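Down below is the structure, laid out as structure tokens.
Everything numeric in this text was worked out from a predicted model, so none of it was measured. Just so you know, ligand 1 is whichever comes first in the structure, and atom 1 is the first atom listed for that ligand.
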Amino acid sequence: MKILVVEDESKTGTYLKQGLSEAGFVVDLAANGFDGLHLATSESYDLAVLDVMLPGIDGWQILQGIRRAGSDMPVLFLTARDQIEDRVKGLELGADDYLVKPFAFSELLARVRTLLRRGSKSKEGDVLRAADLELDLLRRRATRGGRRIDLTAKEFALLELLLRRQGEVLPRSLIASQVWDMNFDSDTNVVEVAVRRLRAKIDDDFEMKLVRTVRGMGYVLDVPEGTA
Ligand code: CA
């Protein structure tokens, strides 16, 4: 999942980007309102975290731009001013939530996850499944055949992507951009290594293999025919 952070204080911005990346999100950071508005309306994100006070274009104007462009992506505001008029203004403009600075990162992460859940249309969006494999997005937990599987944040993000697009062959380039925010050109086998590790955890001990390599194309997660 991809998140846009617009924050002009570089320390806070870097802290947010690092924390959210470690939590398994792909994060773009913009340091001013112009870049923020441009990214928000030209790229696709699952959620935006907007500082209110920004040079050039402020957080409210970015939100207006996002809504004018027809996007209903969840927006979380960061405000240093815990003032009632800010909240009223934000709600009128279509903000989804607020966090008053300074805040604990764990609090931000909890709000982000709540907003992302609210954004996903159906309740079933909380748990992704394939055969006896389950990924609980709410509790950040994976199980297969009821047995708990420990995943790193990146493995979790990779499995979430594969499950969301079950049955679809996903090219390495797509996986690299969605999970690592990397270009395909980069001469790395990070995707292969991660897929191998993920398989070792979710497939190796089970007769039914869910993740397959499609030669020269990429990877697919699906339930083998005749077993569903
Ligand atoms: Ca600011």
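Lys101 and Glu9 are joined by a salt bridge, as a carboxylate oxygen and a charged side-chain nitrogen come within less than 4.0 angstrom of each other. Lys209 and Asp203 are not joined by a salt bridge, as no carboxylate oxygen comes within less than 4.0 angstrom of a charged side-chain nitrogen.
At least one N/O/S atom of Asp51, whether from backbone or side chain, sits less than 3.0 Å from the Ca ion (ligand 1). At least one N/O/S atom of Met53, from backbone or side chain, sits under 3.0 Å from the Ca ion (ligand 1).
Of the options Leu39, Val26, Ile3, a side chain to side chain contact (heavy atoms under 4.5 Å, CB included) to Tyr45 is made by Leu39 and by none of the others.
The aromatic rings of Phe105 and Tyr15 stand perpendicular to each other, their planes meeting at an angle above 60°, with 30° marking the opposite boundary.
Distances from the Ca ion (ligand 1) to the N/O/S atoms of Asp8 are shortest for OD1.
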